[in-house]
Amino acid sequence: MENWKEEKVNAPKKGLWQRLAALAAAAALVLSLAGCSGLPSVPGGSADVVPNPSASAAAAVDTVDAPLEVHFIDVGQALSVLVECDGQFMLYDGGNVDDGSLIVSYLQSQGVEQLEYVFCSHAHEDHVGGLAAALAYFPAYHVYSPVTDASTKCFQDFVKYTQQQGLQVEVPAVGTMWPLGGATVTMLGPVAQYSDTNDTSIVLRIDYGSTSFLLTGDMEKTAETDLVNSGANLRADVLQVGHHGSSTSTSYLFLNAVLPEMGIISCGVNNKYGHPHEETLSILRDAGVDVYRTDLQGTITIGSDGQNYTVGTEHFAADSALNPTDPAASSTAQQAYIGNVNSKKFHLPTCPNLPAEKNQILFSSYQEAVEAGYTPCSSCIK
């Protein structure tokens, strides 16, 4: 592709002591302000940061011990993902402003002392809000965002604490690659300019051995379509489902390009948006994607040894609760699919638009049909 720029970025270590000194000053200022009535203990936060946290959230998660660990932190109706590989850490989003203390405590509980990279997927508070607190406590080597300025105080605080470390917010180019221990992080999108802030979300692919993750922020269907059409390698085992499971994201076209085994939805309990939407859950069901949700399972940690995965969750939730779409339809979806050799569409066996028997081809799974070049019938597979 003509506009596909590939660049290897290494995190320079020079300037670390200067940033540590700046962080110490910031921490001292934050702690001094904490004694003042009505003032938060972290930028925008509302609760004290515990220097030696009990790590109750981390301890509750089933043990996951692997060279690569991806933590989908339970920040309610928001998103925050901590990635660790071979002792190096990367933070993608930080939840809301009020999640700042939680983020700092969680990172401390995981042994984070510095962050190789900090990514703000886009400029909405439920993604950038807690990053200022993280940057006030942990030295970082690079800080990235799709924009360098926004009118909200939470974004301005994010910029402020980035600059306090002697850094600038950088806008990365599509195709940029970053090493994280033995893993490789690649920026896939956005591939165009958008007026909708959700569509400006930085899309990252993480590869470790033969395993892969895709982080999409709040990317919606317009940007999904453009990303698929760009020819980017989207196939991944684990998908962070876009926009908290909203029906504005996760189109059939996009899901067909990714074909994940697992879909992680970060959303709040009984949130006012109704996330995740039934339409999204149905699409994930039809594609045979195992759904994990922070609103029901708390923090979700997925580990990889480069070949296999381990999954730990803070709470147990039954499959029927994680994806409560029509059980009858779900059962049917696990049966064979019937393709039309002429139209290259595939259908559920109950579809009223099945082709004549002579034009039928049988597929044992959704994925098999997609890999054969067939697309789902919009009438029966929703």
Side-chain angles (χ1 to χ4, degrees), residues 57 61-62 64 69-83 92-96 99 102 106 121-122 124 126-127 130 198-199 201-206 212-221 223-224 234 236-252 254-302 309 311-326 330 333 382:
V61 178
D62 296 342
V64 171
E69 292 184 4
V70 181
H71 305 248
F72 297 88
I73 305 171
D74 181 12
V75 285
Q77 187 62 24
L79 178 68
S80 184
V81 184
L82 175 68
V83 183
Y92 180 89
D93 286 347
N96 282 296
D99 296 317
L102 182 157
Y106 188 86
S121 70
H122 63 295
H124 283 158
D126 56 327
H127 295 257
N198 286 336
D199 280 333
S201 293
I202 290 177
V203 179
L204 298 180
R205 176 186 180 85
I206 303 168
S212 52
F213 296 73
L214 196 63
L215 305 180
T216 67
D218 278 357
M219 178 176 61
E220 298 190 348
K221 291 179 180 179
E224 287 179 352
L234 297 174
D237 304 309
V238 182
L239 170 67
Q240 174 252 310
V241 178
H243 201 180
H244 318 286
S246 170
S247 60
T248 60
S249 302
T250 317
S251 62
Y252 271 115
F254 180 69
L255 197 60
N256 287 342
V258 182
L259 285 180
E261 296 290 331
M262 292 176 271
I264 315 300
I265 301 174
S266 182
C267 60
V269 177
N270 298 323
N271 64 84
K272 64 182 181 180
Y273 306 102
H275 294 158
H277 290 153
E278 182 176 358
E279 178 181 337
T280 303
L281 292 173
S282 296
I283 290 172
L284 293 168
R285 176 205 68 207
D286 289 343
V289 178
D290 293 330
V291 172
Y292 294 85
R293 294 168 48 172
T294 61
D295 62 330
L296 299 179
Q297 295 170 297
T299 295
I300 299 161
T301 303
I302 301 179
Y309 293 96
V311 181
T313 63
E314 193 174 352
H315 310 296
F316 170 79
D319 290 344
S320 58
L322 294 170
N323 194 346
T325 51
D326 182 9
S330 179
K382 296 181 179 180

A.B. asks: Whether the side chain of Lys221 engages the backbone of Phe254 through a donor-acceptor N/O pair (distance < 3.5 Å, no angle test) should be reported.
C.D. replies: no

A.B. asks: Is a donor on one side and an acceptor on the other found under 3.5 Å between the side chain of Gln240 and the backbone of Leu215?
C.D. replies: no

A.B. asks: Going by atom types alone, do Thr248 and Glu220 pair a side-chain donor with an acceptor below 3.5 Å?
C.D. replies: yes

A.B. asks: Assess whether side-chain contact (heavy atoms from CB on, under 4.5 Å) is satisfied between Ile202 and His122, documenting all intermediate values.
C.D. replies: CA-CA 7 Å; Ile202 290 177; His122 63 295; over 6 Å; no

A.B. asks: Working to the nearest 0.5 Å, report the span between OG1 of Thr325 and CZ of Arg285.
C.D. replies: 4.0 Å

A.B. asks: Exactly one of Asp295, Asn271, Asp126 should register a side chain to side chain donor-acceptor pair (under 3.5 Å) with His244. Which one does?
C.D. replies: Asp126

A.B. asks: Judged by atom type as modelled, is there a donor-acceptor pair below 3.5 Å linking the side chain of Ser266 to the main-chain atoms of Ala78?
C.D. replies: yes

A.B. asks: Mind listing the closest non-hydrogen atom pair of Val289 and Pro260 along with its distance?
C.D. replies: CG2-O, 3.5 Å

A.B. asks: Is a donor from one side chain sitting under 3.5 angstrom from an acceptor on the other, for Asp93 and Ser121?
C.D. replies: yes

A.B. asks: Less than 4.5 Å apart, side chain to side chain, heavy atoms only: is that true for Leu239 and Glu261?
C.D. replies: no

A.B. asks: Would you give the length of the straight line joining atom OH of Tyr292 to atom OG1 of Thr313, rounded to the nearest 0.5 angstrom?
C.D. replies: 8.0 Å

A.B. asks: Could you report the tightest heavy-atom contact between Ser247 and Glu279, atom names first, then the distance?
C.D. replies: CB-OE1, 3.6 Å

A.B. asks: Give a yes or no answer on whether the side chain of Asp99 reaches the backbone of Asn96 with a donor-acceptor pair at less than 3.5 Å.
C.D. replies: yes

A.B. asks: If only side-chain N and O atoms count, and only distance matters, is there a donor-acceptor pair under 3.5 Å linking Glu69 with Thr301?
C.D. replies: no

A.B. asks: Do Pro276 and Cys267 have side-chain heavy atoms sitting under 4.5 Å apart?
C.D. replies: yes

A.B. asks: Might you work through the side-chain contact (heavy atoms from CB on, under 4.5 Å) test for His315 and Leu296, ending with a clear yes or no?
C.D. replies: CA-CA 7 Å; His315 310 296; Leu296 299 179; over 6 Å; no

A.B. asks: If you look at every heavy atom in Val75 and Ser80, which pair is closest and at what distance?
C.D. replies: CG2-N, 3.8 Å

A.B. asks: Mind checking whether Tyr309 and Phe213 have ring centres under 6.0 Å apart?
C.D. replies: yes

A.B. asks: Can you confirm if the aromatic rings of His127 and Tyr92 lie within a centre distance of less than 6.0 Å?
C.D. replies: no

A.B. asks: So, do Pro324 and Leu281 sit near enough that their side-chain heavy atoms are less than 4.5 Å apart?
C.D. replies: yes

A.B. asks: Within this structure, what is the CG-CD1 distance for the pair Leu79 and Ile73, rounded to the nearest 0.5 Å?
C.D. replies: 9.0 Å

A.B. asks: Check the orientation of His277 and His275. Use parallel for under 30°, tilted for 30 to 60°, and perpendicular for over 60°.
C.D. replies: perpendicular

A.B. asks: Taking atom CD1 of Ile302 and atom CE of Met262, what is their separation to the nearest 0.5 Å?
C.D. replies: 4.5 Å

A.B. asks: Would you give the length of the straight line joining atom OG of Ser249 to atom CG of Asp218, rounded to the nearest 0.5 angstrom?
C.D. replies: 6.5 Å

A.B. asks: Which pair of non-hydrogen atoms, one from Asp74 and one from Thr299, has the smallest distance, and what is that distance?
C.D. replies: N-OG1, 3.0 Å

A.B. asks: Is it the case that the side chain of Ser201 and the backbone of Asn198 share a donor-acceptor pair, with hydrogens and angles ignored and the cut-off at 3.5 Å?
C.D. replies: yes

A.B. asks: Looking only at heavy atoms, which two atoms of Ala223 and Asp199 are closest? And how far apart?
C.D. replies: CB-OD1, 3.4 Å

A.B. asks: Step by step, would you call Leu322 with Gln297 a side-chain contact (heavy atoms from CB on, under 4.5 Å)?
C.D. replies: CA-CA 9 Å; Leu322 294 170; Gln297 295 170 297; 3.4 Å; yes

A.B. asks: Please determine which of Val291, Thr280, Ile264 meets the side-chain contact (heavy atoms from CB on, under 4.5 Å) test together with Val241.
C.D. replies: Thr280

A.B. asks: Which is it for Val258 and Leu214 under the side-chain contact (heavy atoms from CB on, under 4.5 Å) test, yes or no, and what are the steps along the way?
C.D. replies: CA-CA 9 Å; Val258 182; Leu214 196 63; 3.8 Å; yes

A.B. asks: Closest approach of Ile265 and Gly245, non-hydrogen atoms and distance?
C.D. replies: CG2-N, 4.0 Å

